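Shown next, in structure tokens, is the structure this report addresses.
Remember, predicted model here, so these are calculated numbers, not experimental data. These numbers come from the heavy atoms of this one structure, side chains and all, not from hydrogens, waters or symmetry mates.
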Amino acid sequence: QVQLVESGGGLVQAGGSLRLSCAASRNILTINTMAWYRQAPGKQRELVARITSGGSTNYADSVKARFTISRDNAKNTVYLQMNNLKPEDTAVYYCNLPLSSMTNYWGQGTQVTVSS
């Protein structure tokens, strides 16, 4: 069993920055891919960023050059640094651990609201 707890969301103005954190209850970041998703009101959940156990990353086109996913294995934590935030980034952001094809862990979500 793995628990994921997100933090760092909040209300910011367009152009501002936030750093989201996802703390895992097990030391598993060294061997597993982690990802951030988001879900805006009335929209489906979408993949924002992913980082593999080897450190490779990929991003949704809408956030490339603005968001950075990283991890600190010693702290069992994955981060999402969000810069130059836009109103369209407003969403609930979820940390995701696809442990296996049958076990997929999600955090409770943290709200990010970007005002203009």
Side-chain angles (χ1 to χ4, degrees):
Q1 297 181 347
V2 180
Q3 292 181 337
L4 304 174
V5 180
E6 302 101 332
S7 62
L11 173 64
V12 299
Q13 292 184 325
S17 298
L18 286 172
R19 188 179 74 162
L20 306 183
S21 298
C22 173
S25 62
R26 299 284 189 273
N27 186 15
I28 57 173
L29 304 190
T30 58
I31 61 173
N32 215 93
T33 294
M34 298 288 292
W36 285 96
Y37 286 73
R38 68 185 181 187
Q39 187 167 19
K43 304 294 184 180
Q44 295 197 143
R45 191 170 299 185
E46 64 176 348
L47 176 66
V48 176
R50 177 184 286 128
I51 185 167
T52 71
S53 60
S56 298
T57 60
N58 58 75
Y59 300 89
D61 288 341
S62 60
V63 307
K64 285 182 178 178
R66 297 190 298 118
F67 290 12
T68 302
I69 187 170
S70 63
R71 63 187 177 195
D72 186 333
N73 292 334
K75 297 180 179 179
N76 299 327
T77 300
V78 62
Y79 303 96
L80 185 67
Q81 178 67 46
M82 305 185 294
N83 298 324
N84 192 24
L85 283 161
K86 303 176 180 180
E88 52 262 43
D89 295 319
T90 295
V92 177
Y93 284 71
Y94 298 91
C95 182
N96 170 244
L97 168 60
L99 186 61
S100 74
S101 62
M102 299 184 67
T103 306
N104 200 334
Y105 292 98
W106 296 89
Q108 82 286 354
T110 185
Q111 177 71 48
V112 172
T113 302
V114 184
S115 63
S116 62

Backbone N/O of Ile51 and side chain of Thr57: donor-acceptor pair under 3.5 Å: no
Inter-residue atom distance Phe67.CZ - Ser17.OG, 0.5 Å rounding: 9.5 Å
Cluster link Ile69 to Val48, ILVMFWY, side chain under 4.5 Å: yes
Nonpolar side-chain network containing Tyr79, other nodes, edges under 4.5 Å: none
Side chains of Leu80 and Arg38 in contact at under 4.5 Å (non-hydrogen atoms): no
Transitive ILVMFWY side-chain link Leu11 to Met82, under 4.5 Å: no
Within-4.5 Å side-chain heavy-atom neighbours: Arg66 and Asp89: yes
Residues in side-chain hydrogen bond (donor to acceptor under 3.5 Å, both in side chains) contact with Arg19, at least two apart in sequence or another chain: none
4.5 Å side-chain heavy-atom contact, Leu4 and Met34: yes
Note, Ser53 side chain near Arg71 side chain (heavy atom, < 4.5 Å): yes
Reported CG-to-OG distance for the pair Leu85 and Ser116, which is rounded to 0.5 angstrom: 12.5 Å
Counting only pairs under 3.5 Å, give me each side-chain donor-acceptor contact of residues 101-109, with atom names and distances, residues two or more places apart or in other chains.
| residue | atom | partner | partner atom | Å |
| --- | --- | --- | --- | --- |
| Thr103 | OG1 | Ser100 | OG | 3.4 |
| Asn104 | OD1 | Asn96 | ND2 | 2.4 |
| Gln108 | NE2 | Glu6 | O | 3.2 |

Chi angles and distances behind the side-chain contact (heavy atoms from CB on, under 4.5 Å) call for Asn58, Leu47: CA-CA 10 Å; Asn58 58 75; Leu47 176 66; 4.2 Å; yes
From Gln81 atom CD to Leu20 atom CG, the distance as rounded to the nearest 0.5 Å: 8.5 Å
Sub-4.5 Å side-chain heavy-atom contact between Thr90 and Gln111: yes
Polar side-chain atom of Asn32 near backbone of Pro98 as donor-acceptor pair, under 3.5 Å: yes
Hydrophobic cluster identity match, Leu18 and Val92, side-chain contacts under 4.5 Å: no
Heavy-atom pair with the smallest gap, counting every atom of Cys22 and Trp36: CB-CZ2, 3.6 Å
ILVMFWY cluster, Tyr59 and Tyr94 together (side-chain gap under 4.5 Å): no
Cluster check Tyr37, Val112: I/L/V/M/F/W/Y, side chain < 4.5 angstrom: no
